[in-house]
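One structure is given below, encoded as structure tokens.
For the single chain, residues carry numbers from 1 onward in sequence order.
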Amino acid sequence: MLILSRKIDEKIKIGNDITITLIDVHGDQVKIGVEAPKDVKVFRQEVFDAIQNENKAAVVGEESGSEKAINAMSALSKLLKK
């Protein structure tokens with residue numbers, strides 16, 4: 001991890017396309033601005049974590065939905081064989 005000290009209005013460059021600017025410091029809160037290309041998604045960590053959890057839950061839901069479909073097909077197949 002790179003740790004930098006910055007003053008208000010000073011910037012940090014990441015690669016050629018991303019700029020982070022220190023906007024304000026008020027007590028224990030720091031405001032930053034992030035300039036990045038539109039194709040680069042920028043999230044707060046808690047929002048990113050929530051998105052990841054939702055995606056995982058959706059995959060699990062799809063799997064259990066698939067399992068339900070397989071079980072239903074199996075039950076139907078057994079009924080047709082009788």
Side-chain angles (χ1 to χ4, degrees):
M1 175 188 305
L2 173 65
I3 300 173
L4 301 170
S5 297
R6 299 279 70 199
K7 294 179 183 176
I8 293 176
D9 291 330
E10 290 185 332
K11 300 175 187 293
I12 298 168
K13 288 293 287 183
I14 300 175
N16 293 323
D17 300 329
I18 300 172
T19 304
I20 298 174
T21 305
L22 181 62
I23 305 296
D24 189 29
V25 179
H26 188 69
D28 64 348
Q29 193 172 51
V30 177
K31 290 185 182 179
I32 61 170
V34 179
E35 295 176 58
K38 290 184 186 258
D39 63 320
V40 175
K41 294 179 178 9
V42 179
F43 299 104
R44 293 177 288 145
Q45 184 69 48
E46 63 273 16
V47 172
F48 180 81
D49 292 343
I51 292 168
Q52 294 293 90
N53 290 336
E54 288 293 321
N55 287 343
K56 287 177 187 173
V59 168
V60 169
E62 288 174 9
E63 288 175 357
S64 54
S66 296
E67 289 172 5
K68 287 178 187 175
I70 290 169
N71 289 338
M73 291 297 288
S74 177
L76 180 58
S77 177
K78 287 178 185 176
L79 284 173
L80 292 173
K81 287 180 182 178
K82 288 186 177 182

What distance separates [X] [atom1] from [Y] [atom2], expressed to the nearest 0.5 Å?
X	Y	atom1	atom2	answer
Ile23	Lys31	CD1	NZ	9.5 Å
Asp9	Leu22	CG	CG	8.0 Å
Asp17	Asp39	CG	CG	8.5 Å
Glu35	Ile20	CD	CD1	10.5 Å
Arg6	Ile32	CZ	CD1	13.0 Å

Short side-chain to backbone donor-acceptor contact, Gln29 and His26, under 3.5 Å: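 Checked: no pair found.
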[X] atom [atom1], neighbour heavy-atom count above 12 within 6.0 Å:
X	atom1	value
Phe43	CZ	yes
Asn16	CG	no
Glu46	CD	yes

Close side-chain approach of Val40 and Ile18, heavy atoms under 4.5 Å: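 Sidechains of Ile18 and Val40: in contact.
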Considering all heavy atoms, the nearest Lys7-Glu10 contact: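 Result for this residue pair: N-OE1, 2.7 Å.
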Transitive ILVMFWY side-chain link Ile12 to Leu2, under 4.5 Å: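 Yes, because Ile12 and Leu2 connect within a single hydrophobic cluster, where side-chain heavy atoms sit under 4.5 Å apart.
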Same apolar cluster: Val34 and Phe48, side chain cutoff 4.5 Å: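 Hydrophobic grouping puts Val34 apart from Phe48.
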